Amino acid sequence: MNPFSLTGKTALVTGANTGIGQAIAFAMGRAGAHVICAGRSDCSDTATQIESAEVLKLDLADPMAASGVFSDRPIDLLINNAGIIRRADSIDFTEADWDDVMDVNLKAVFFTAQAFARAVLARKGEGRIVNIASLLSFQGGIRVPSYTAAKHGVAGLTKLLANEWAGKGIGVNAIAPGYIETNNTADLRADPVRHKAILDRIPAGHWGQPDDIAETAVFLCAPAAKYIHGTVLSVDGGWMAR
Ligand code: NAP
């Protein structure tokens, strides 16, 4: 058996229409999985480029939106990728920008994982969850208070869920991406001062691409990673080593 293969597995990826989620969906497909491309936007463009895939409409602004998704048929792998960011000085930050981000980036991560785990445990199966955290799971960031709070929460939840479920056949881990070229970072890249300041701190000497995260997600879902539980793995060109 190839310890890096996902053949025979079904993976659900949230936010699969673009960016890191789309790259993860492609990589899961290349590794042999059937991929459920889930998102609030249409994920058909992603699904049509994968050998075995389907689309699912899933708007996680309602954090309970995935509660019925996992009971229909076995889903082995869950990638909690969907996320939003709102930028403003903390002194001006609004309650709406707090709640919107916490709902999608933290509350939905927990309740989607819960729905997934309930289904896996009910069928006495096995599963793997990969949550997409952030460098702001470790650092404070600037002008992104709800994002930082949510991503610190994702790191904590990853460890808690690993503690509860590792012995029950469900592996839970997270990836903390560095600075990756996606919609999420468009504002930063458009600001020449911030862009250069970030670039100067990355030991690898360049921003990351969505594929850099995608292959790590495949690894964490694969048999090769079966003894890895509760890790928040930085994939950041060396940023955290600085
Ligand atoms: P992105 O291109 O903006 O992708 C975000 C994805 O989340 C999109 O598919 C988006 O759908 C989806 N999403 C947003 N709100 C949703 C909702 N209510 N329901 C369902 N899906 C929703 O940015 P990205 O960089 O790929 O972000 C993916 C993840 O990586 C996020 O969790 C982000 O926090 C994390 N991350 C990114 C970086 C980076 O440098 N890019 C660094 C650290 C962590 P729409 O297209 O419809 O908005």
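Ligands are counted one by one from 1 in listed order, and the atoms in each one are counted from 1 as well. Because the structure is predicted, anything quoted here is derived from the model rather than measured.
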[atom] - nearest protein heavy atom and its distance:
{"atom": "atom 48 (O) of ligand 1", "answer": "Arg40 NH2, 2.6 Å"}
{"atom": "atom 47 (O) of ligand 1", "answer": "Ser41 OG, 2.4 Å"}
{"atom": "atom 31 (C) of ligand 1", "answer": "Asn81 O, 3.2 Å"}
{"atom": "atom 34 (O) of ligand 1", "answer": "Tyr147 OH, 2.6 Å"}
{"atom": "atom 11 (O) of ligand 1", "answer": "Asn17 OD1, 3.5 Å"}
{"atom": "atom 19 (N) of ligand 1", "answer": "Leu60 N, 2.8 Å"}
{"atom": "atom 41 (N) of ligand 1", "answer": "Thr182 OG1, 2.9 Å"}
{"atom": "atom 5 (C) of ligand 1", "answer": "Gly83 O, 3.5 Å"}

Nearest to [atom] by heavy atom, [options]: which?
{"atom": "atom 40 (O) of ligand 1", "options": "Ile180, Val109, Val13", "value": "Ile180"}
{"atom": "atom 39 (C) of ligand 1", "options": "Thr185, Val144, Asp62, Asp103", "value": "Thr185"}
{"atom": "atom 38 (C) of ligand 1", "options": "Gly208, Gly178, Ser134", "value": "Gly178"}

Side chain to side chain contact (heavy atoms under 4.5 Å, CB included) between Met28 and Ile79, intermediate numbers included: CA-CA 10 Å; Met28 294 273 157; Ile79 313 298; 3.6 Å; yes
Between His195 and Trp207, ring centroids under 6.0 Å: yes
Matching residue for Asp236 among Leu135, Ile202, Ile180 - test: side chain to side chain contact (heavy atoms under 4.5 Å, CB included): Leu135
Side chain or backbone of [X] under 4.0 Å from ligand 1, or both, or neither, by non-hydrogen atoms?
{"X": "Ile84", "result": "side chain"}
{"X": "Gln22", "result": "neither"}
{"X": "Leu58", "result": "backbone"}
{"X": "Asn184", "result": "both"}

Short side-chain to backbone donor-acceptor contact, Asp212 and Gln209, under 3.5 Å: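 Such a contact is found between Asp212 side chain and Gln209 backbone.
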Hey, are [X] and [Y] close enough for a salt bridge, meaning a charged N less than 4.0 Å from a carboxylate O?
{"X": "Asp92", "Y": "Arg143", "answer": "no"}
{"X": "Arg86", "Y": "Asp100", "answer": "yes"}
{"X": "Arg40", "Y": "Asp59", "answer": "no"}
{"X": "Glu54", "Y": "Arg73", "answer": "yes"}

Below 3.5 Å, N or O to N or O, backbone or side chain included: is there any such pair between [X] and ligand 1?
{"X": "Ile20", "result": "yes"}
{"X": "Gly15", "result": "yes"}
{"X": "Asp59", "result": "yes"}
{"X": "Gly21", "result": "no"}

Does the residue [X] have a heavy-atom contact with ligand 1, meaning some pair of atoms that are separated by less than 4.0 Å?
{"X": "Trp207", "value": "no"}
{"X": "Ala133", "value": "yes"}
{"X": "Lys151", "value": "yes"}

Heavy atoms from other residues, nucleotides or ligands near CD of Glu126 exceed 12 (cutoff 6.0 Å):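 Not more than 12 within 6.0 Å, no.
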Parallel, tilted or perpendicular, as decided by the 30° and 60° cut-offs, for the rings of Tyr179 and Trp239: tilted
Euclidean distance, Ile175 CD1 relative to Phe219 CZ, rounded to 0.5 Å: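 Reported value, rounded in 0.5 Å steps: 10.0 Å.
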Interatomic spacing from CZ in Phe138 to NE2 in His152 - rounded to 0.5 Å: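 So the CZ of Phe138 and the NE2 of His152 are separated by 8.5 Å.
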